[in-house]
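The chains referred to below are lettered A, B, ... by the order of the sequence lines, with proteins before strands, and numbering in each begins at 1.
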Number of protein chains: 2
Amino acid sequence: MTLKDLARELGVSTATISNAFNRPDQLSPGLRERILAEAKRLGYRGPDAKARSLRTGRSRIIAVILAESLTYSLNDAVSSEFLSGVAEVLDSQGHTLLLLSARQVNCQLVDSASMADGFIVYGLMPSAELFDSLPLHAALVAVDFNVAGHPSIHVDNEPSCFEIADHALSVAPRKRPAIVNLRLTAEPCNGRIDPQHTLLSAELTITRSRLAGFHAALEKHDFDLERIPMWNVEENTFEVCAPVIEEILDLPDAERPDLLLCMSDRIALTALTLAEQRGLRIPDDLCLIGFDGIAEGQYRAPRLTTVRQESSEKGRLAARMILGLEPSHSRLLTTEMMLGETCS
Amino acid sequence: MTLKDLARELGVSTATISNAFNRPDQLSPGLRERILAEAKRLGYRGPDAKARSLRTGRSRIIAVILAESLTYSLNDAVSSEFLSGVAEVLDSQGHTLLLLSARQVNCQLVDSASMADGFIVYGLMPSAELFDSLPLHAALVAVDFNVAGHPSIHVDNEPSCFEIADHALSVAPRKRPAIVNLRLTAEPCNGRIDPQHTLLSAELTITRSRLAGFHAALEKHDFDLERIPMWNVEENTFEVCAPVIEEILDLPDAERPDLLLCMSDRIALTALTLAEQRGLRIPDDLCLIGFDGIAEGQYRAPRLTTVRQESSEKGRLAARMILGLEPSHSRLLTTEMMLGETCS
DNA sequence: TTGTAGGCGTTATCAT
DNA sequence: ATGATAACGCCTACAA
């Protein structure tokens, strides 16, 4: 049952049917009503989206390209909060959300790409190859990294990390601070970072800015950065964090850090869980700070001391930009310190 | 730059270009190579998805229609785990995921619907109106409810709830068990359920089956169902659960339940957090059981005693069915008891 | 207010 | 192995 069939059936032209669905003001209300009623009766579901999108050039689909796998992105509190912000706005504007991953088999991404009216690229910089595969003049907003010629959305990682680390170091004297980084090394490394490792550049990852903030605070408190141990985790999940955290917690008492500056709440929560299992007192034996402000860190006791970033607002902003509801220039979102009980 | 432009540019026919991209065996390797090279040089990104989908009738897009809002679904551990299972399979099969919500402004859903090759409908029964708007013979899989003429995927809610409640009642004698339901009343009710309330039918919600399981176990242990207090929460989030749980925990000692049979882990975890804040001992003062087996309940101390449903497997199965990788008949997935420390 | 016709960019069926 | 051509279903000037 197509529009043309319906037109023939009703003895009117295809244009009239089209107008009945898309431009009510272009025909008499009576006729329109009759058309809609007959359409329903005959089982015509309205204009076909595939054909309509070809004809108009727009699909009302916005694609979000995620740096991580879909599986990870949907389970991670931060990225799913981001997505929910995006979804909320798209939804209210009559658009729909297509989820793509930069990790996808390449051809699929390319294939589906030309379907979307715009792209929100979230997370790390995707490969140049992937970038080239996007429609040339596509609307595009980058989140948490920069793309030449397109607006981006960032969070003030460095100052907020400075501020929270400074707080942690001020609230009680600490002997052995350490840093647990998130995907910071050029080569995969799920454990201690030693001098041989090379770190990703600030262009490629926001965690570099977080590190800079931590470092600045440590220097302010007269620590020698060379002597601050650093670990790295490859993925922001309990399973991947746990072995690294265990390695840290199982150090001899004299070496075990008494302050962990963690680049994410997930890392800090993993440390919290494992430390509790070992009978360490929080914050006396071990002080923890996180980053993100995810709900899970606040709906427990002790609550995480952390930096809250408004991921859903980030998503809403990205969506509004891509839909042209917001001026298309880069934005920097602020964060908020959340003082829980893991560091007091 | 379209396929036709490229054909003209290279002095070959459009069919040949199309074949170069889609059916390598239909032309000489040399020509194909030249075409691909020239395409890249001239900035032709390959066949346009909109046009291709119109022509072939397939978009390689699978839509998931969620009963709840996208915002809720993306933040809830259970549904996002389901989605990640779906995404995993679609991804590996070169398909892509379109997220729709039954709560969406109606017309948008209808509009986008005809774009998808198939539908996975998740959660409660959507309105008949919505259903009618889907393409007539569309591939469709229902998850957690039934649709005539289409396969569905269920979890064994009733037996597993019987088993876990039976366990809870067996492990230590309890005087005052109570049930905390999830969206079970016909009229919204975020608080105590009293006899006036009417409950949704089993057709409309799986929580009815969970209740039946709890009831069976209570009867086995000689409780009078009339005397078992029930509460209801309207949404599976901390914010919405909290006031209801507070109402329960703040009852006078003699009335406060000593066992809460909760229909979800989120509800049980909310109770756990709030009980801990009040200094109640778990499980001595209050025993808790949940449902779902979400990670958050297991990465903490005490761990939740609960029923684990494999949401991601549910998603994978739904996706495989919709892609025809799995026979299209209804399936019932089993669950697993997880014995944590909240009920021992 | 309604009808006509061209084309959106492909792919598939034929021929050659 | 390659080319010509007719759809796919719709939208929108433009004409009536």
note = Ranking C:dT2, D:dT5, D:dG9 by distance to the side chain of A:T16, first place goes to C:dT2

task = Select one nucleotide: of C:dT4, D:dT12, D:dC10, the one nearest the side-chain heavy atoms of A:S13.
result = C:dT4

query = Between CE of A:M115 and NZ of B:K50, what distance do you get to the nearest 0.5 Å?
reply = 5.5 Å

note = Between A:L3 and B:N19, the residue closer to the 5' end of DNA chain D by nearest nucleotide is B:N19

note = Against the side chain of A:A15, the closest entry in C:dT11, C:dT4, D:dG9 is C:dT4

ask   = Considering only C:dG3, C:dT1, C:dT10, which nucleotide approaches the side chain of A:V12 most closely?
value = C:dG3

remark   = B:R23 has its side chain closest, among D:dC10, D:dC11, C:dA12, to C:dA12

inquiry  = Between A:S79 (side chain only) and A:S73 (backbone N and O only), is there a donor and an acceptor less than 3.5 Å apart?
reply    = yes

inquiry  = Among D:dC8, D:dT12, C:dC8, which nucleotide has an atom closest to any side-chain atom of B:K4?
reply    = C:dC8

query = Relative to each other, are the rings of B:Y122 and B:F82 parallel, tilted or perpendicular (30° and 60° limits)?
reply = parallel

message = Once you apply a heavy-atom cut-off of 4.0 Å, does B:T14 come out as touching a base, just sugar-phosphate, or nothing?
response = base

remark   = When rounded to whole Å, the CD1 to P distance for the pair B:I35 and D:dT2 reads 8 Å

ask   = Rounded to the nearest 0.5 Å, what separation is found between the CG atom of B:L74 and the CG atom of B:L99?
value = 5.5 Å

task = Look at the side-chain N and O atoms of B:R52 and state whether any lies under 4.0 Å from the OP1 or OP2 oxygen of C:dT11.
result = yes

query = Roughly, in whole Å, what's the span from CD1 in B:I17 to C1' in D:dA4?
reply = 15 Å

message = Classify A:F21 by what it touches in the nucleic acid, base, sugar-phosphate, or nothing, heavy-atom distance under 4.0 Å.
response = nothing

request  = Report the distance from atom CE of A:M1 to atom P of D:dC10, rounded to the nearest whole Å.
outcome  = 10 Å

query = Hey, is the side chain of A:R55 pairing donor to acceptor with the base of C:dC8 inside 3.5 Å?
reply = no

ask   = Could you give the CZ-to-P distance, from A:R34 to C:dT1, as a whole number of Å?
value = 16 Å

ask   = Does B:T56 have a side-chain nitrogen or oxygen under 4.0 Å from the phosphate oxygens OP1 or OP2 of C:dT11?
value = no

Closest listed nucleotide, where the reference is the side chain of A:L27 and the choices are D:dC11, C:dT2, C:dT11 = C:dT2

task = Check the distance between D:dC8's C1' and A:D48's CG and give it to me in whole angstrom.
result = 9 Å

ask   = What nucleotide among D:dT2, D:dG3, D:dC8 has an atom nearest to a side-chain atom of B:L31?
value = D:dT2

message = Less than 4.0 angstrom between a side-chain N/O of B:Y44 and OP1 or OP2 of C:dT10, yes or no?
response = yes

query = Is the closest side-chain donor-acceptor distance between A:T205 and A:T207 under 3.5 Å?
reply = yes

Selection from C:dT1, D:dG9, D:dA4 that lies nearest to any side-chain heavy atom of A:S28 = C:dT1

message = Output the rounded distance in Å from CG (A:D5) to C1' (D:dG9).
response = 10 Å

remark   = Separation of C:dG3 atom C1' from A:R8 atom CZ, nearest Å, is 16 Å

query = Atom CG of B:D25 and atom P of D:dA1: how far apart are they, to the nearest Å?
reply = 9 Å

ask   = Any side-chain heavy atom of B:V78 within less than 4.5 Å of one from B:Q309?
value = yes

Closest to side chain of B:T2, choosing from C:dG3, D:dC11, C:dG9 = C:dG9

